Amino acid sequence: MAFIDSLLQKCSSFSHIKQLQAYLLTTGHSQIPAHRTKLIEFCSISPIGNLDYARDIFLRVKTPSTNEWNAIIRGLARSNEPNKAIVCYQAMSRHQLRRDALTCSFVLKACSRVLALLEAKQIHSQLVRFGFRADVLLQTTLLDVYAKTGDLDNAKSLFDEMSLKDIATWNALIAGFAQGSRPRDALNLFEIMRLEGLKPNEITVLGALSACSQLGAITEGKRVHAYVQEECLDGNVQVCNVLIDMYSKCGNVEKACDVFDSMRCSKSLVSWNTMIMGLAMHGHGIHAVELFKKMGISGVRPDGATYLSVLCACNHAGLVEDGLRLFKSMAGSGVAPSIKHFGTVVDLFGRAGKLDEAYEFISSMPIIPDVVLWQTLLGASKTYGNVEMAERASRALVEMGSNTCGDFVLLSNVYAAQERWDDVGRVRDAMISRDVRKVPGFSFIEIDGVTHKFVNWDQSHSNWKEIYRKLDEIFSKIRVYGYVAETSYVLHDIGEEDKENALYYHSEKLAIAYGLICTIDGSPIQVIKNLRICGDCHVVIKIISKIYDREISVRDRARFHRFKDGFCSCGDYW
DNA sequence: CTAGGGTTAG
């Protein structure tokens, strides 16, 4: 090993580096370019180094070498101002200095961190000119930039063009698909990878399992889990954590607990947080609070996400006292509450019908309330039919310039429930004049490995007529059980019969009807919805679970609802 | 003079 390397290795603090520099200066060694480069690199990259100091040395060099530029760009790329790496790279280009594969690699890393797609494309064209196309590592970096900046099509075509790929290349694209809302593509690629005889590693399965979580694809999730066990990848904490998340989000929180309890590696903070969040999603509040206590006993310090998870669990289970107690305990454990934590408290009060307390709490907060907070209060006002509070929350939302469809719908529903049609009309006019954004609601169900997606009033499915007939059958049966459509959930001022029709064909009902048609009597049905479940659907699904004797689980935006024998696991409290 | 760079959960 070179002389300078052995000395740098012995440095364990920044002052050691300075001592070394002084030594080099007094002995004349600092004039050796290789030494200078090493020193800059070490200062720029090492955790005990100092990027500003590296830059000071660098700026004093008259004609820095490519390696020295690289060291600075690399340091900047991983600093909290990665855009400076791009600026530095541009300066280097102006100096007409030779850039090598590493220069490109580091600056591309910076591009991915600041989502600079345009700059990445420029560098892409440059590295084609430089002749770095055969470099697998560099191509993979480039692929990753495209994926992270959301240009998945470019990432995919780069992947297809690469004659040489290694496991990291596959991983980059699988992870890219998984994180870029294309989980189905991620899973397909994972399958192709196995068909081609490649061996997915722990990083690959992280992407694949995350894709399963998003899709609620339990069958495929179990298959990947089996692979993880075959290859002994479950000694990795991250893999275990993503397995816990996958089972939770696929509706099997018991299996998530099994994975959590039987981990042979030591649990990380994320393990605890994921498990608590999983319990929260399933409404297992007491269990979540117990786990939170256990976590403290085991010596893992909670962070902001831990509190968010356990507060969320209290919310979903209606544990108002526990939630408030936990929120108050945050200060003592040194975790500063963020706006999201304040939000859960508003939710806690709101769900319990304590609207005045919720309002008081918002008014006394040390930070400015955000849109989500007022939406929470508005939602609670809707649930409890409190017109005055709903108006207060809506006013705040309008002042903040909210143009989210849901806000208007909620207020409109509050009026509709009181049959105040003039006010409903006023809200509708406001919606039209403000060009509000509508987030389309959709639900999906997986049948024999094929995902079927439905929107409200969907007639695009090849079997739509059969599905609608099934729904008509359902409605005629459930009427016998005293079902009356909860028409207050409908926005428009229309006749009662039309109102019922508007509810009949909600996406979650269509998906469940399709599930009833396509699956064997008595087998469970699982549906995933992108928004919160509608109140009328909630009532209807409860009755379906009883008269068709099916266990139905619906994962909505926030949590699971498990319907069985006419009851829902959320206890109608959500 | 050499090597160094890529994929990673809540």
Side-chain angles (χ1 to χ4, degrees), chain A residues 1-5 32-35 37-38 41-42 44-45 65-68 70-71 73-74 77-78 99-112 127 132 135-148 155 158-159 162 164-179 186 189 193 200-214 228 233-234 236-246 248-249 256 259-260 263 265 267-281 300 302-310 312:
Chain A
M1 190 190 291
F3 161 72
I4 181 89
D5 287 316
I32 303 171
H35 288 173
T37 306
K38 285 283 174 198
E41 278 177 0
F42 196 79
S44 185
I45 307 307
S65 65
T66 297
N67 285 351
E68 282 161 331
N70 286 357
I73 293 173
R74 186 184 183 188
R78 44 150 92 178
R99 281 148 284 164
D100 61 15
L102 287 165
T103 325
C104 298
S105 179
F106 299 142
V107 71
L108 282 172
K109 191 81 201 165
C111 290
S112 88
L127 60 87
F132 299 150
D135 188 329
V136 185
L137 273 73
L138 186 52
Q139 293 296 98
T140 302
T141 312
L142 187 60
L143 190 158
D144 186 55
V145 180
Y146 279 123
K148 289 218 166 70
L158 198 62
F159 180 87
M162 285 171 70
L164 251 171
K165 311 187 215 339
D166 66 12
I167 187 143
T169 317
W170 288 82
N171 291 351
L173 189 56
I174 290 174
F177 278 140
Q179 282 152 20
L189 200 61
M193 188 176 174
N201 64 11
E202 47 271 87
I203 296 169
T204 327
V205 298
L206 290 179
L209 287 167
S210 153
C212 295
S213 305
Q214 291 173 56
V228 164
L233 302 177
D234 48 5
N236 178 307
V237 213
Q238 296 185 183
V239 171
C240 294
N241 296 347
V242 80
L243 279 167
I244 294 166
D245 187 54
M246 184 275 290
S248 300
K249 291 198 175 133
V259 174
F260 181 81
M263 279 169 71
C265 47
K267 297 176 177 68
S268 69
L269 174 62
V270 177
S271 317
W272 292 93
N273 291 358
T274 310
M275 192 63 247
I276 295 173
M277 199 52 183
L279 292 166
M281 281 195 301
V300 179
D303 70 351
T306 319
Y307 276 101
L308 217 49
S309 307
V310 73
C312 187

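Values below: all heavy atoms of this structure, side chains included; hydrogens, waters and symmetry mates excluded. Chain naming here is simple, since letters A, B, ... match the order of the sequence lines and numbering starts at 1 in each. Owing to the predicted nature of the structure, the values given are computational and were not obtained by experimental measurement.
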_side-chain contact (heavy atoms from CB on, under 4.5 Å) involving A/S309 - partner list, sequence neighbours excluded_ =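 Expected list: A/I276, A/M277.
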
*A/L308: what forms a side-chain contact (heavy atoms from CB on, under 4.5 Å) with it, not counting sequence neighbours?*
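side-chain contact (heavy atoms from CB on, under 4.5 Å) list for A/L308, sorted by chain: A/K340, A/H341, A/T344.
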
*Would you mind reading off the distance between A/M277 atom CE and B/dA9 atom P, rounded to a whole angstrom?*
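After rounding, the reported distance stands at 17 Å.
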
*Using a cut-off of 4.0 Å between protein heavy atoms and nucleotide atoms, how would you tag nucleotides 1-8 of chain B 5' to 3' with B, S and -?*
B-BBBBBB

*Of all residues at least two apart in sequence or in a different chain, which pass the salt bridge (Lys or Arg N to Asp or Glu O under 4.0 Å) check with A/D135?*
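Per chain and number, A/D135 pairs via salt bridge (Lys or Arg N to Asp or Glu O under 4.0 Å) with no residue.
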
*Excluding sequence neighbours, so at least two apart, what forms ring-ring contact (aromatic ring centres under 6.0 Å, His included) with A/F106?*
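A/F106 satisfies ring-ring contact (aromatic ring centres under 6.0 Å, His included) with no other residue.
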
_Counterpart residues, side chain to side chain donor-acceptor pair (under 3.5 Å), relative to A/D245 (two or more places apart)_ =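 Listed in chain order: A/K249.
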
